[in-house]
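Sequential numbering from 1 along the given sequence is applied to the chain's residues.
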Amino acid sequence: MDYRKSAQGVLSAIGGKENVVSAAHCATRLRLVVADNSKVNKKQAENVEGVKGCFEAAGQIQIIFGTGTVNKVFDEFVALAGVAAGSKDDVKQAAASKAPWYKRGIKTLGDIFVPIIPAIVATGLLCGLLGGLSRAFPGMSGSGVFKLLDMFSNAALTFLPILIAVSAARIFGGNIFLGAVIGMIMIHPSLINAWSVGDGSNLPTLWSWFGLWNIPATGYQGHVIPVVIAVLLMSKLEKKLHKVVPEMVDLFVTPLCTVLVTGFLTMTIIAPIFAQIETWVLSGAKGLIALPFGIGSFIMGAAYAPTVVAGVHHMYNAIELAMLAENGHNIWMPLATAANVAQGAAALAVAFKSKQAKVKSMALPASLSAFMGITEPAIFGVNVRYMKPFIAGCIGGAAGAVVASITKVFATANGVTGIFGFLITTDCFVGYLFTFLVALVVGFGASFVLYKDEEEEVVEEKTEVKTASGTVLRIKAPLSGEAVALKDVPDESFSSKALGEGVAIIPTGNKATITAPADGIVESICDTKHAVGLTLDNGAEMLIHVGLNTVELKGKFYEAHVKEGDRVKAGQTLITFDANAISKAGYNVITPVLITNPDDFGSVSPVGAGKVNAGEIVIEARK
């Protein structure tokens, strides 16, 4: 594929280089932040060569090209757009700054919890494997090796507040080691372990507010949100102290005061209050799933994918971690699996039913990715794009979630769904299998019934675009070939730009055709038929000159299809010529395409050299 052409197509579809704020790419997608989302034409972007899907998520325009292709398109894109290549973090920060406050808050939770997931997955997988082995070999649970591995499997959840505190300090800009200290304080061995508290009666008092409120001397094992709030306070306090404490004592005073103040406020106010709030939230989530006849699970299975589209699904990490920390049973994960598998199945149905090659090429790999737990390509690249498959996926997710609720499926970790979820659901393998199959069958069936190919639409590139700094005219190539800069034309009258500004095109093929780059009037056409002058409706005056010194051929090898005064439409044939015969006659067929009134514009510039097809943008002129 022509990577530069694809990059130019993307740039045109998102409103031009003036609309680009930040650009980066990941393994499969261009990730762009634009100034004005209303200027983005997603349909046009999806019709660019190589694009497998275009969607908006987390404040970014994300355009899927696939592994191995995206980096090459990105290199051309940043060159054309004139922006510096950024990292994914740069783009995320640029996008986050535009997001509403609640989305920024949920994104922050995701940034804190997502890095912890590998630790939870590792210990959760080990826990699931040990559970399966102990059932297969009952005598194994008494061995020293089993007890050692069982200790490994509990480590991450036992010290979860410390992991969360370190990650939160990193996100909030605090000292991660001070954050770890706050986490340690909250689960200190001097406190009664929260898992052994029982009904909470007759607990010793850690602190009493004037006898009106007695705070028990219990730890906060199994709690998530209190740690985040505590470290947020710690980070803000630490930053403030760094500003006001003299440098000569900052190393001693700031950490001391930070730990003392944060630790006291955490154990006497923050942790008790937010632990109770978290308990209510967790009880609400469990109560929703436990509603009779699987009603709550049905709702969540249907709603999960829309929360992914809205970019707020990271909030579930807090619920899942709290469930795991409480009793090691994550009953939320099976609902996510049902939703993800159903979206993959809906995309798979599109791949089977569609007769369009491009749709099939997008839908099949996207569906397989969803079955592995990565749903973005299926949801954004296929299902949301055609909407009916997305609705079908929600139906399948709801059906699978009901099965998960009835069979009481749970996981021993979070962050893993789909096929790999079998590794962390060994205690309820059959229930998880039924959940998977029901979501797949219902999602596939509903999508197969609902989906219908849309008529393929040819999207025209806008040739006149209004921007904050004026209007940009986009001049299309009048013939196919290799575009080169005017300075490379071996004729001083063109290379010096004395006749105008523009580009030169070396035709490809033996027979070539000159077409009108836009609507306009034929002002002149040489008797020798080798050159034509146009006045376009957009105000540009153009000269298209086929070959160098070809006036000497006196019209041989040329045929004119218009005459002076004719009104022409964009794409209409003006001249045809035999490029091979002209070359054999000893003439260079390089064809300058010029705007001869550049002074009427603020700037005139070719968009880049390289292979070009007739009808593609080759010159931009700014009014």
Side-chain angles (χ1 to χ4, degrees), residues 8 11-12 14-20 35-36 39 80-82 460-479 481 483-489 491-505 514-526 529-548 551 560 562-575 590-610 612 614-623:
Q8 178 60 50
L11 190 61
S12 174
I14 64 169
K17 59 186 179 182
E18 298 84 4
N19 201 32
V20 179
D36 185 353
K39 294 182 179 179
L80 290 170
E460 290 289 333
E461 288 186 284
K462 293 182 180 179
T463 57
E464 185 168 323
V465 180
K466 296 188 181 300
T467 70
S469 56
T471 300
V472 177
L473 305 181
R474 291 171 171 169
I475 308 300
K476 295 182 177 181
L479 74 163
V484 298
L486 284 181
K487 65 181 180 62
D488 296 325
V489 177
D491 185 317
E492 188 175 353
S493 59
F494 296 111
S495 61
S496 66
K497 304 182 181 180
L499 295 176
E501 176 64 274
V503 68
I505 299 174
I514 300 295
T515 59
D519 296 354
I521 302 292
V522 178
E523 294 291 348
S524 64
I525 187 161
C526 294
K529 309 168 191 173
H530 73 287
V532 60
L534 304 167
T535 296
L536 304 182
D537 291 351
N538 58 28
E541 297 174 8
M542 296 199 66
L543 170 65
I544 304 169
H545 194 285
V546 184
L548 304 180
V551 64
V562 292
K563 62 183 183 298
E564 288 184 10
D566 281 356
R567 178 158 189 83
V568 294
K569 292 287 187 181
Q572 183 176 334
T573 298
L574 305 178
I575 298 170
I590 190 169
T591 301
V593 179
L594 308 174
I595 291 181
T596 57
N597 61 331
D599 292 341
D600 292 346
F601 300 93
S603 65
V604 176
S605 59
V607 298
V612 64
E616 293 178 3
I617 307 299
V618 290
I619 303 170
E620 288 187 348
R622 188 179 303 279
K623 285 186 178 180

*Walk me through it: do Leu548 and Val489 pass the test side chain to side chain contact (heavy atoms under 4.5 Å, CB included)?*
CA-CA 9 Å; Leu548 304 180; Val489 177; 4.0 Å; yes
_Using the rule given for side chain to side chain contact (heavy atoms under 4.5 Å, CB included), can you reason through Met542 versus Val593, listing the C-alpha separation, both sets of side-chain angles and the distance that settles it, and then say yes or no?_
CA-CA 7 Å; Met542 296 199 66; Val593 179; 3.5 Å; yes
_Derivation and outcome, side chain to side chain contact (heavy atoms under 4.5 Å, CB included), residues Val546 and Leu479_ = CA-CA 10 Å; Val546 184; Leu479 74 163; over 6 Å; no
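Of the inter-residue distances, the one linking Glu523 atom CD with Leu536 atom CG reads 10.0 Å to the nearest 0.5 angstrom. To the nearest 0.5 angstrom, Ile514 atom CD1 is 5.5 Å from Thr591 atom OG1. The CD atom of Glu616 sits 13.0 Å away from the CZ atom of Arg474 when rounded to the nearest 0.5 Å. Once rounded to the nearest 0.5 Å, the distance linking CD1 of Ile544 with CG of Leu574 reads 6.0 Å. Put simply, OG1 on Thr596 and CG on Leu594 are 7.5 Å apart, with the number rounded to the nearest 0.5 Å. Rounded to the nearest 0.5 angstrom, Cys526 SG and Ile575 CD1 are separated by 8.0 Å.
Under the rule for a side chain to side chain contact (heavy atoms under 4.5 Å, CB included), the partners of Asp600 that lie at least two apart in sequence or sit in another chain are Asn597.
Counting only residues at least two apart or on different chains, the salt bridge (charged side-chain N to carboxylate O under 4.0 Å, His left out) pairs with a member in residues 530-542 are Asp537-Arg567.
Closest approach of Asn19 and Gly15 over heavy atoms only: CB-O, 3.8 Å. Taking all atoms of both residues into account, the shortest heavy-atom contact from Gln572 to Val562 is NE2-CG1, 4.0 Å. Leu543 and Ala531 get closest at one heavy-atom pair: CD1-CB, 4.3 Å. Scanning all heavy atoms of the two residues, the minimum distance from Ala504 to Leu486 falls at N-CD2, 4.1 Å. Of all heavy-atom pairs between Ala621 and Val604, the closest is CB-CG2, 4.1 Å.
A heavy-atom distance below 4.5 Å is found between the side chains of Pro478 and Ile505. Considering only heavy atoms from C-beta on, Val522 stays 4.5 Å or farther from Lys563 through its side chain. In this structure the side chain of Ile475 reaches within 4.5 angstrom of the side chain of Asn538, judged on heavy atoms. Leu11 places a side-chain heavy atom less than 4.5 Å from the side chain of Val20. Looking at heavy atoms from C-beta onward, Phe494 lies in side-chain contact with His545 at the 4.5 angstrom threshold.
Exactly one residue among Val618, Val568, Leu534, Ile617 makes a side chain to side chain contact (heavy atoms under 4.5 Å, CB included) with Pro517. That residue is Leu534.
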